[in-house]
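Input: a single structure, listed below in structure tokens.
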Protein chains: 2
Amino acid sequence: MEFFNRTGKMAIGSRLRMLTEKITEDAASIYKMYDIDMQPKWFPVFYVLSAGEAKTITNISKEIGHSHPSVSKIIREMVKQGLVTEQKDKKDGRLNMVSLSAKGNTISEKIKDQYIDINRAIEQLTTQTRNDLWKAIEEWEFLLDQQSLLTRVREQKKERESLNVKIIAYDPQYKQVFKDLNEEWISRWFKMEEADYRALDDPQGYILDKGGCILVALYNDVPVGVCALIKMNDPDYEYEMGKMAVSPLAQGKNIGFLLGKGIIEKARLLGAKKIYLESNTILKPAISLYHKLGFNKVASRNSPYERSNIQMELLIKQ
Amino acid sequence: MEFFNRTGKMAIGSRLRMLTEKITEDAASIYKMYDIDMQPKWFPVFYVLSAGEAKTITNISKEIGHSHPSVSKIIREMVKQGLVTEQKDKKDGRLNMVSLSAKGNTISEKIKDQYIDINRAIEQLTTQTRNDLWKAIEEWEFLLDQQSLLTRVREQKKERESLNVKIIAYDPQYKQVFKDLNEEWISRWFKMEEADYRALDDPQGYILDKGGCILVALYNDVPVGVCALIKMNDPDYEYEMGKMAVSPLAQGKNIGFLLGKGIIEKARLLGAKKIYLESNTILKPAISLYHKLGFNKVASRNSPYERSNIQMELLIKQ
DNA sequence: TCTAATTACGTAACTGATTACGCAAATATA
DNA sequence: TATATTTGCGTAATCAGTTACGTAATTAGA
């Protein structure tokens, strides 16, 4: 299909579907060639039953990876053809024990030649290819099991979008943004406190002049996130990270992470040995971001904020 | 899926279907993540339309390899979403010209980032595999296009079955078989002639004693085919191949070919330079078998048989 | 120039899978 | 021991494709 050369790999789903269709179509003719009265879709069920033991519907469906209604339907069709027999279990009235009938067993013997020939045909096909389709599928199954295509794409998205993010130093023009972004999330989850107003209404006096700093994240040159490094008045800690806020419209672009990294770097340049922060456990994405940045929970401390119920710190390697 | 390790490669259809399903399932979530109101199944249609030109239903269906009703349905859904517009062609009233709407074009721009991220995610996946799935599919498409899975399996079948075929020299116990097998096909297609009875009623006197020979094909030790090398009384030809017959029950097992090869080898050992044969053009499989054995048509000659309307010869390399 | 064949495409029915749901039997729990 | 939960599995609806078929418009041919 020339079409797929143009689309690129995002059409891999469509392309797979077409190949699948072509193969199953031939499968039907192959059964006919061997004079075996069976539909290709019965194969997985037939195969597990040809081991000999009777099995329940649920059992079969788990083994072959189909839904149970699908197996149920297939069994009904196979019963009609006389290939299998059903029998209610005596001990457990829910169980429908299915096994191959005499006719089914005959076919199971007869079909072995067909298995051999198909396997050989595919083996021969495989020797003519540079990439082994069977193994490739296996590898994809394994990798997608570890991490789905969805999360893989999400990571690419994040990475790409973080290229459009610029982290810059605070400038008075961002005073309003600094307040708005913070007020937005604080009042959404909690309520604004006295200490919030002090910092947000006078960042220059309350943060910068005391030797702290503020970073602003621009996405396509629009300010969408802020974060501050605040000088503390505490024998244990010199600096606190706080007032981190990212616009809900710009979520999922790694902006929080980039701001955090920026603040940590600032603290390192200022010679800080560790950074402190306070948060609340209901802010799960925030907590997990702090973890990702390297922060760890510390024993509870006094806080000027009512909403603070968790404290964390990060040790800085100079 | 552990199941597929047991079945072997004949379940490649099922396995492909499952992988396809897993991927397209994720595809739907991916569109949602990019906030694009589109179904994965629309993608191929959307893609060809995003080139800009208006296209007909048939045109699109050919390009993407779907049936036209499928495209027709998809277009209707996309019209409902406002992604495409339809317009009857002025010159040819049958044509339904479809093109992206303004909204469709906006999405086409917006979706480009998604394309990039998906491609990167798949590229990254590919670097983690030893067998490139995309290329493997491409190779299978190519090989199946040259020769379908069905014919590949048929060849394996033939090859396997020909191992169960033994070609042996004539023995008086096969006199009846020799006559019956020949009478069967002759009277099915034509009618028995005087010359037939002479040869079939007295193979010893008419064929063997004159210096010819007869071969019998056994399939699982049951005689299912015969063929004779008959000494001719002709200045041009020394030997004729004739009286080849294979039971309809044993067709497709390469038996005719094996008998032919055997007769040719006999002729070679007898020092023959060429072999002659007569047949009728309505027996197409027979004619093509003769071709496969190396026989070529020669100018028409007189024949004792009414049914003969084609003559062939094979030059033997000693 | 009239009729036959071809082409475009829509509708209907089918296919092989799924999810949603409900019922009955068995098992766990208070 | 009575009630709640879990399990097995059947039915119904849905989904993304197909094939079959019909109809209208165009093109080819006698």
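Here is the naming used below: chain letters follow the sequence lines, and residue numbers restart at 1 for every chain.
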Inset, instruction - For the side chain of Ser70(A), starting at C-beta, report the closest nucleotide among dA16(D), dA17(C), dG8(D). - result: dA17(C)
Legend entry - Distance-only donor-acceptor test (3.5 Å): side chain His68(A), base dG10(D): yes
Inset, instruction - Just do the side-chain contact (heavy atoms from CB on, under 4.5 Å) check on Arg130(B) and Lys135(A) with the steps written out, would you? - result: CA-CA 8 Å; Arg130(B) 313 181 101 259; Lys135(A) 285 187 190 153; over 6 Å; no
Inset, instruction - Calculate the interatomic distance between Phe43(B) atom CZ and dA16(D) atom P; express it in whole Å. - result: 16 Å
Legend entry - Closest listed nucleotide, where the reference is the side chain of Pro69(A) and the choices are dG8(D), dG17(D), dA12(D): dA12(D)
Legend entry - Interatomic distance where CD belongs to Glu21(A) and P belongs to dA17(C) [whole Å]: 12 Å
Legend entry - Ile74(A) to Trp42(A) - nearest heavy-atom pair and separation: CG2-CD1, 3.6 Å
Legend entry - Given DNA chain D, 5'-ward residue of the pair Arg76(A) and Ser14(A), judged by closest heavy atom: Arg76(A)
Legend entry - Least distance between heavy atoms, Leu100(B) atom then Val84(B) atom: CD2-CG1, 3.8 Å
Inset, instruction - Kindly say whether, by distance alone, the side chain of Lys73(B) makes a donor-acceptor pair under 3.5 Å with the base of dG10(C)? - result: no
Legend entry - Polar contact flag, side-chain donor to acceptor under 3.5 angstrom, Thr281(A)-Asn309(A): yes
Inset, instruction - Give a yes/no on whether any side-chain N or O of Arg17(A) is located under 4.0 angstrom from OP1 or OP2 of dG17(D). - result: yes
Legend entry - Non-hydrogen side-chain atoms of Asp113(B) and Lys157(A) separated by less than 4.5 Å: no
Inset, instruction - Specify whether Tyr115(A) and Tyr47(A) have parallel, tilted or perpendicular ring planes, treating 30° as the upper limit for parallel and 60° as the lower limit for perpendicular. - result: tilted
Legend entry - Residue-level proximity of residues 52-60 of chain A to DNA chain D when a heavy atom falls under 4.0 Å: Thr56(A), Ile57(A), Thr58(A)
Inset, instruction - Give the nucleotide from the list dT19(C), dC9(C), dA8(C) with an atom nearest to the side chain of Asn96(B). - result: dC9(C)
Legend entry - Separation of dC9(D) C1' from Gln87(A) CD (nearest whole Å): 17 Å
Inset, instruction - Send over the distance from Asp89(B) CG to dC9(C) C1', rounded to a whole Å. - result: 14 Å
Inset, instruction - Find the distance Ile74(B):CD1 to dC9(C):P and express it as a whole number of Å. - result: 15 Å
Inset, instruction - Test the Arg307(B)-Trp189(B) pair against the cation-pi criterion, namely NZ or CZ under 6.0 angstrom from the six-membered ring centroid and within 45° of the ring axis. - result: no
Legend entry - Nearest-angstrom distance from the residue atom NZ of Lys41(A) to C1' of dG17(D): 15 Å
Legend entry - Between C1' of dA17(C) and NZ of Lys22(B), the distance in whole Å: 17 Å
Inset, instruction - Indicate yes or no: at least one non-hydrogen side-chain atom of Val48(B) is less than 4.5 angstrom from one of Asn59(B). - result: no
Legend entry - Toward the 5' end of DNA chain C, by each residue's nearest nucleotide, Glu86(B) or Ser67(A): Glu86(B)
Inset, instruction - In whole angstrom, give the distance that lies between atom CD of Glu25(B) and atom C1' of dC15(D). - result: 13 Å
Legend entry - From dG10(D), dG8(D), dG17(D), nucleotide with atom closest to Lys62(A) side chain: dG8(D)
Pairs under 3.5 Å (N/O, protein and nucleotides 23-27 of chain C):
from, atom 1, to, atom 2, distance (Å)
dA25(C), O3', Gly93(A), N, 3.4
dA26(C), OP1, Lys91(A), O, 3.1
dA26(C), OP1, Gly93(A), N, 2.7

Inset, instruction - Taking the side chain as every heavy atom from C-beta outward, state whether Glu109(A) and Asn105(A) have any atom pair closer than 4.5 Å. - result: no
Inset, instruction - Inspect the contact between Glu159(A) and Arg120(B) and indicate whether a charged nitrogen and a carboxylate oxygen are less than 4.0 angstrom apart. - result: no
